[in-house]
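Since the structure comes first, as structure tokens, the remarks are kept for the end.
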Amino acid sequence: MYKMLETRSVLNPKKRVGDIPGIKVGHQFYSRAEMVVVGFHSHWLNGIDYMGMAYKADYKDYQFPLAVAIVLSGMYEDDLDNADEIVYTGQGGHNLTGDKRQIKDQKLERGNLALKHCIDRDVPVRVIRGHECANSYTGKIYTYDGLYKVVKYWADKGISGFTVYKYRLRRVPGQPMLTTNQVQFVYGRVPQSVSELRGMVCEDITGGQENYPIPATNLVDEPPVPPSGYKYINSIQVAKNVKLPKAVAGCNCKGSCIDPRTCACAKLNGSDFPYVERDGGR
DNA sequence: TGTCGCGTGCGT
DNA sequence: ACGCACGCGACA
């Protein structure tokens, strides 16, 4: 422990906004602790890493607390991950153990307040995604996916009926392509055989819920990392613990209410994808 | 596979 | 000094 503190003080004693020297987009960590050690994300449990009031003197004109990094692991039921666009759920009211669902209303404080303050002055946030990975000693791998900007936030009623704060993040352009789970969907092209697809990571990301399988390939990761942290319902990527509600009797939505969390009768209607499905995992 | 409980740095 | 938090390993 002393060593970790020492190391940390040597590497990046102070939190900072934006990139950390030596850690490029696509960098893979094998545990949360590794990120703590290099000061990339200074919590081993928290999703939101932010600079507290102590940093106020260093960054005049900025509102504090101010967020610098977040981790997406697919643990929050109200998250939506769409690669370049993310809807991230704030912290709090979360049942850390057991079913990992929301059990209380969230408040606009701590990390939630810190993310809100990022909007005011376009402060970019480092985004790290967690994937399941058999090769890692923790069974998980965490990848730096680049800087995102928080473009808006709002309060919402989450799936479990409690107030959650949501943050829409958009990836800053001009960065290397998403190296983690750069999953290229081959929807629309029927391969002669499965083996024809290079870098196949998943034969059907919908898990058989669609009429046609939607395979995904990954030509970037070495070895390829399959989509795992999230699951797909009606082609919509949702957190793992999202459960399909009962179909609304007599609903004639014909797929228009395509969010599976509000309507079980939503169907995939042709090529009309409400969310881009380029990104597989998490 | 799911659940449980210990775990610890950081912000207040 | 206290409480929070998107891990992690253990056990069944």
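Proteins come first, then strands; the chains are lettered A, B, ... in the order of their sequence lines, and each starts at number 1.
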Identify which nucleotide among [options] has an atom closest to any side-chain atom of [X], counting heavy atoms from C-beta outward.
X        : options               : answer
A/Arg110 : C/dC8, C/dC6, C/dC4   : C/dC4
A/Trp44  : B/dG11, C/dG7, B/dC10 : C/dG7
A/Val71  : B/dT12, C/dG7, C/dC8  : C/dG7
A/Lys15  : B/dC10, C/dC8, B/dT12 : B/dC10

Can you check the [X] [atom1] to [N] [atom2] distance for me, whole Å?
X        : N      : atom1 : atom2 : answer
A/Glu132 : B/dG2  : CD    : P     : 10 Å
A/Ile48  : C/dC6  : CD1   : P     : 7 Å
A/Gln91  : B/dG11 : CD    : C1'   : 11 Å
A/Tyr50  : B/dC10 : OH    : P     : 12 Å
A/His43  : B/dT8  : NE2   : P     : 16 Å
A/Asn95  : B/dC4  : CG    : C1'   : 11 Å
A/Asn46  : C/dA5  : CG    : C1'   : 4 Å
A/Lys107 : C/dC4  : NZ    : C1'   : 12 Å

Can you check whether [X] has a side-chain N or O nearer than 4.0 Å to OP1 or OP2 of [N]?
X        : N     : value
A/Lys140 : C/dG7 : yes
A/Tyr142 : C/dC6 : no
A/Thr138 : C/dG7 : no

At under 4.0 Å between heavy atoms, what does A/Gly92 touch on the DNA or RNA strands: base, sugar-phosphate, or nothing? sugar-phosphate

Indicate, with a heavy-atom threshold strictly under 4.0 Å, whether A/Thr89 touches base, sugar-phosphate, or nothing. base

With the side chain counted from C-beta on, respond yes when [X] and [Y] share a heavy-atom pair under 4.5 Å apart, and no when they do not.
X        : Y        : answer
A/Arg16  : A/Ile20  : yes
A/Asp99  : A/Asn95  : yes
A/Tyr167 : A/Lys152 : no
A/Tyr62  : A/Arg121 : yes

Pair assignment for C/dA10, Watson-Crick or G-U wobble, requiring both distances under 3.5 Å: B/dT3

Looking at A/Glu85 and A/Arg171, is any side-chain nitrogen of the basic one under 4.0 Å from a carboxylate oxygen of the acidic one? no

Mark yes or no: A/Arg126 above the aromatic ring of A/Tyr144, with NZ or CZ under 6.0 Å from the six-membered ring centre and no more than 45 degrees from the axis. no

Comparing nearest nucleotides in DNA chain C, the 5'-proximal residue of the pair A/Tyr30, A/Leu96 is A/Leu96

For A/Lys104 and A/Arg32, take the nucleotide of DNA chain C holding the closest heavy atom to each; which residue's nucleotide lies nearer the 5' end? A/Lys104

Does the base of C/dC6 carry an N or O that pairs as donor and acceptor with the side chain of A/Asp79 under 3.5 Å? yes

